[in-house]
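Below is one structure; the comments refer to it alone.
Just so it is clear, the values below take in all heavy atoms, side chains as well, and ignore hydrogens, waters and symmetry mates.
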Amino acid sequence: MAASATAARPLAGASVRLPLSARRQPVRVALLPRAPPALQSLSLGRPAQAQPSARGRSVRCLAALNPEMRATLDKVVGSNKVVLFMKGTKDFPQCGFSHTVVQILRSLDVPFETLDVLANEALRQGLKEYSSWPTFPQLYIDGEFFGGCDITVEAYKSGELQETLEKAMCS
């Protein structure tokens with residue numbers, strides 16, 4: 001029996017060097033396509049730096065809130081009692097601030113919808129203008145912008161968030 005155990009594990013504890021051709025090569029995966037060269041210099045959300053060119057023009061951000069985006073946001077915010085625009089999803093938040101607001105809403109057992117702003121650059125930029133709020137997450141209750149993470153935490157601690165949510169659920 002002891003002999004068969006040794007035969008089954010002849011290399012146990014031994015160090016074997018693999019030839020270079022047998023070693024696993026790193027795999028490179030492109031998650032997102034590269035932006036065209038004309039767009040690589042754009043800095044969305046910040047004033048663009050003037051790029052040297054023959055005409056000396058500066059580049060401006062083109063991702064402003066357009067009427068179609070405003071109508072879509074109005075519809076989303078108006079058709080749900082509680083909406084959280086966040087980085088990631090409620091099951092897999094991609095930032096600590098978004099995670100905090102999700103945990104607060106879950107602790108209050110409130111049904112809420114989430115939209116991932118990381119999945120859509122136009123949505124992320126449009127929301128900043130729509131709410132006049134530059135950061136995420138953004139919480140909307142009963143069609144109105146409530147606040148970001150800090151405001152939500154303070155309102156939760158004071159009981160204001162619970163009152164606002166109760167009113168929204170009853171309306």
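A distance of 11.0 Å separates CG of Leu108 from CD of Gln103, quoted to the nearest 0.5 Å. In this structure, Asp74 CG and Arg70 CZ are separated by 6.5 Å, a value rounded to the nearest 0.5 Å. Separation of atoms CD (Gln94) and NE2 (His99) is listed at 12.0 Å; rounding is to 0.5 Å. Atom-to-atom distance recorded for Leu65:CG and Leu73:CG is 6.5 Å, nearest 0.5 angstrom. Rounding to the nearest 0.5 angstrom, the gap separating the OG atom in Ser132 from the CZ atom in Phe145 is 9.0 Å. We find the CE-CG distance between Met69 and Asn120 to be 5.5 Å, quoted to the nearest 0.5 Å.
Between Gln162 and Ala155 the shortest heavy-atom distance is OE1-O, 3.8 Å. Nearest heavy-atom pair across Asp91 and Pro93 is C-CD, 3.7 Å. Taking all atoms of both residues into account, the shortest heavy-atom contact from Leu84 to Pro137 is CD1-CB, 3.6 Å. Here the closest heavy-atom approach between residue Phe146 and residue Thr164 is recorded as CE1-OG1, 4.0 Å.
The closest side-chain donor-acceptor pair between Gln125 and Glu121 falls under 3.5 angstrom. Using a 3.5 Å distance cut-off with no hydrogens or angles, the side chains of Lys90 and Ser98 do not pair a donor with an acceptor.
Of the possible donor and acceptor atoms, none in the side chain of Asp142 sits under 3.5 Å from a partner among the backbone N and O of Ala168. Proximity of a side-chain donor or acceptor of Lys81 to a complementary backbone N or O of Ser171 within less than 3.5 Å is detected. Checking side-chain atoms of Asn80 against main-chain N and O of Val82 turns up no donor-acceptor pair under 3.5 Å.
Hydrophobic clustering, with ILVMFWY side chains joined whenever heavy atoms are under 4.5 angstrom apart, groups Val76 together with Leu123. Clustering ILVMFWY residues whenever any of their side-chain heavy atoms sit less than 4.5 angstrom apart, transitively, puts Val110 in the very cluster that holds Tyr156.
Residues Leu127 and Leu115 are not in side-chain contact: their nearest non-hydrogen atoms beyond the backbone lie 4.5 Å or more apart. Using a 4.5 Å heavy-atom cutoff, the side chains of Thr100 and Val102 are not in contact. Residues Trp133 and Ile151 are in side-chain contact: their nearest non-hydrogen atoms beyond the backbone lie under 4.5 Å apart.
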Review point. Would Leu161 and Val153 satisfy side-chain contact (heavy atoms from CB on, under 4.5 Å), going step by step from the backbone distance to the final call?
Key: CA-CA 9 Å; Leu161 178 61; Val153 168; over 6 Å; no
Practice item. Tell me, with the steps shown, if Val117 and Lys87 meet side-chain contact (heavy atoms from CB on, under 4.5 Å). Key: CA-CA 6 Å; Val117 299; Lys87 293 179 179 179; 4.0 Å; yes
**Study point:** Working for salt bridge (Lys or Arg N to Asp or Glu O under 4.0 Å), residues Lys157 and Asp150
**Key:** CA-CA 11 Å; Lys157 288 178 182 177; Asp150 292 342; over 6 Å; no
Practice item. Could you give me the CA-CA distance, side-chain angles and deciding distance for Arg106 and Phe112, then say whether side-chain contact (heavy atoms from CB on, under 4.5 Å) is met? Key: CA-CA 9 Å; Arg106 282 187 170 162; Phe112 64 100; 4.1 Å; yes
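Under the 6.0 Å cut-off for aromatic ring centres, Phe85 and Tyr140 qualify, their centroids lying closer than that.
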